[in-house]
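The structure appears below as structure tokens.
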Amino acid sequence: MGAIRMIYGGFWVRFVAYLIDAIIIGIASTIIRLAVSLVLGTGLSILTGGGSIVILVISTLISFVAGWLYHAVMESSDKQATFGKQAMGLIVMDTNGYRISFGRATGRYFAKILSGVILYIGFVMIAFTDRKQGLHDMIADTLVVKGDRGALRYGETFG
């Protein structure tokens, strides 16, 4: 079968997808923090900067886990994308064109921490690499491409 020309998701389209996901995760995190503070009896104080450090740590940990699961579950699902990536017409796949596993999606998520810690250079790399890969994509051996899952076939040779 002939090679398929891949259109890689560039820096700006991925940045917009990130903003959409950040809004979704921000809303979910606020709800989580509110629920934790209500359950532990401090009411709205956690949202206004009050409350105990224990509540802040617990709610931050829960929000972190929720963010990890959001990315890992959605990018390893049949959709192969978070809601932000779906809105921008992007999917995540391995470099052979296959859907990534939950484990690989988890590794990709945690590799994003490294991409950010080094002054966001790992993300800026997306603008300058041939296949528009950030450091986290290179570590996880993944690609972000334009298209939907129905338009691509597993195991296709990419050229």
Side-chain angles (χ1 to χ4, degrees), residues 4-36 46-47 49 53-152 154-156 158:
I4 295 175
R5 182 172 176 269
M6 298 303 301
I7 300 171
Y8 302 108
F11 179 83
W12 290 111
V13 70
R14 290 173 69 172
F15 181 74
V16 172
Y18 164 80
L19 290 178
I20 293 168
D21 288 331
I23 291 168
I24 291 168
I25 292 169
I27 291 169
S29 292
T30 300
I31 293 168
I32 290 167
R33 288 173 193 263
L34 179 60
V36 168
I46 192 76
L47 297 176
I53 190 73
V54 173
I55 293 171
L56 183 61
V57 168
I58 291 170
S59 61
T60 300
L61 181 62
I62 291 170
S63 294
F64 178 78
V65 170
W68 156 57
L69 289 174
Y70 170 77
H71 283 89
V73 168
M74 296 214 49
E75 290 177 354
S76 64
S77 74
D78 287 338
K79 296 284 186 188
Q80 292 180 247
T82 60
F83 291 124
K85 286 182 182 72
Q86 289 176 47
M88 300 309 295
L90 301 171
I91 61 171
V92 179
M93 62 175 59
D94 72 13
T95 54
N96 293 314
Y98 291 96
R99 184 175 84 192
I100 62 174
S101 67
F102 178 80
R104 186 179 298 235
T106 293
R108 183 175 185 273
Y109 178 79
F110 286 105
K112 287 180 184 179
I113 295 170
L114 179 60
S115 287
V117 166
I118 55 172
L119 305 174
Y120 296 95
I121 291 171
F123 294 110
V124 173
M125 289 171 58
I126 295 167
F128 299 103
T129 58
D130 290 338
R131 297 191 297 173
K132 306 297 181 196
Q133 289 177 293
L135 179 61
H136 52 283
D137 293 311
M138 292 176 182
I139 290 170
D141 202 28
T142 58
L143 298 170
V144 177
V145 300
K146 294 283 263 175
D148 60 38
R149 190 65 210 127
L152 302 169
Y154 286 106
E156 192 69 52
F158 299 120

remark   = Distance col, row Ile27:CD1 vs Thr30:OG1, nearest 0.5 angstrom, shows 7.5 Å
task = Can you tell me which residue pairs pass the side chain to side chain donor-acceptor pair (under 3.5 Å) test with a partner in residues 111-121, sequence neighbours excluded?
result = Ser115-His136
message = Between Gln86 (side chain only) and Ala81 (backbone N and O only), is there a donor and an acceptor less than 3.5 Å apart?
response = yes
query = What residues, two or more places apart in sequence or in another chain, satisfy side chain to side chain contact (heavy atoms under 4.5 Å, CB included) together with Ile20?
reply = Val16, Ile24, Ala87, Met88
remark   = Those residues at least two apart in sequence (or on a different chain) that pass ring pair (Phe, Tyr, Trp, His ring centres under 6.0 Å) with Phe15 are Trp12
query = CZ of Arg99 to OG1 of Thr142: how many Å apart, nearest 0.5 Å?
reply = 15.0 Å
key: Tyr8 OH to Gln133 CD distance, which is reported to the nearest 0.5 Å   = 8.0 Å
key: side chain to side chain contact (heavy atoms under 4.5 Å, CB included) evaluation trace for Val145 with Met93   = CA-CA 8 Å; Val145 300; Met93 62 175 59; 3.7 Å; yes
ask   = How far does NZ of Lys146 sit from CG of Leu90, to the nearest 0.5 angstrom?
value = 5.5 Å
query = Sub-3.5 Å donor-acceptor pair from the side chain of Gln80 to the main-chain atoms of Val92, do we have one?
reply = yes
key: Short side-chain to backbone donor-acceptor contact, Asn96 and Tyr98, under 3.5 Å   = no
message = Holding to side chain to side chain contact (heavy atoms under 4.5 Å, CB included), I want the full list of residues that pass it with Ser101, two or more places apart in sequence or in another chain.
response = Arg104
inquiry  = Under the salt bridge (charged side-chain N to carboxylate O under 4.0 Å, His left out) definition, can you give me all pairs with a residue in residues 115-140, not counting sequence neighbours?
reply    = Arg14-Asp137, Arg108-Asp137
note = Value for CD1 (Ile32) from CD1 (Ile25), rounded to nearest 0.5 Å, stands at 10.0 Å
Compile the donor-acceptor pairs under 3.5 Å between side chains in residues 60-71 and protein atoms, sequence neighbours left out, one pair per line.
unit_1, atom_1, unit_2, atom_2, d
Thr60, OG1, Arg33, NH1, 3.3
Thr60, OG1, Arg33, NH2, 3.3
Thr60, OG1, Leu56, O, 2.7
Ser63, OG, Ser29, OG, 3.4
Ser63, OG, Ser59, O, 3.0
Trp68, NE1, Thr106, OG1, 3.0
Tyr70, OH, Asp21, OD1, 2.6
Tyr70, OH, Phe83, N, 3.2
His71, ND1, Gly67, O, 3.0

Those residues that, when tested against Leu114, pass side chain to side chain contact (heavy atoms under 4.5 Å, CB included) (two or more places apart) = Ile118, Leu135, Ile139
task = Look up atom OH in Tyr109 and atom CZ in Phe102, then write down how far apart they are to the nearest 0.5 Å.
result = 11.5 Å
Stepwise side chain to side chain contact (heavy atoms under 4.5 Å, CB included) test for Lys85 and Ile91 = CA-CA 7 Å; Lys85 286 182 182 72; Ile91 61 171; over 6 Å; no
message = Run the side-chain hydrogen bond (donor to acceptor under 3.5 Å, both in side chains) test against Ser76 and tell me which residues pass, sequence neighbours left out.
response = none
task = With sequence neighbours excluded, tell me which residues meet side chain to side chain contact (heavy atoms under 4.5 Å, CB included) with Val124.
result = Phe128
task = Please report the closest heavy-atom contact between Phe123 and Gly116, naming both atoms and the distance.
result = CE1-N, 3.6 Å
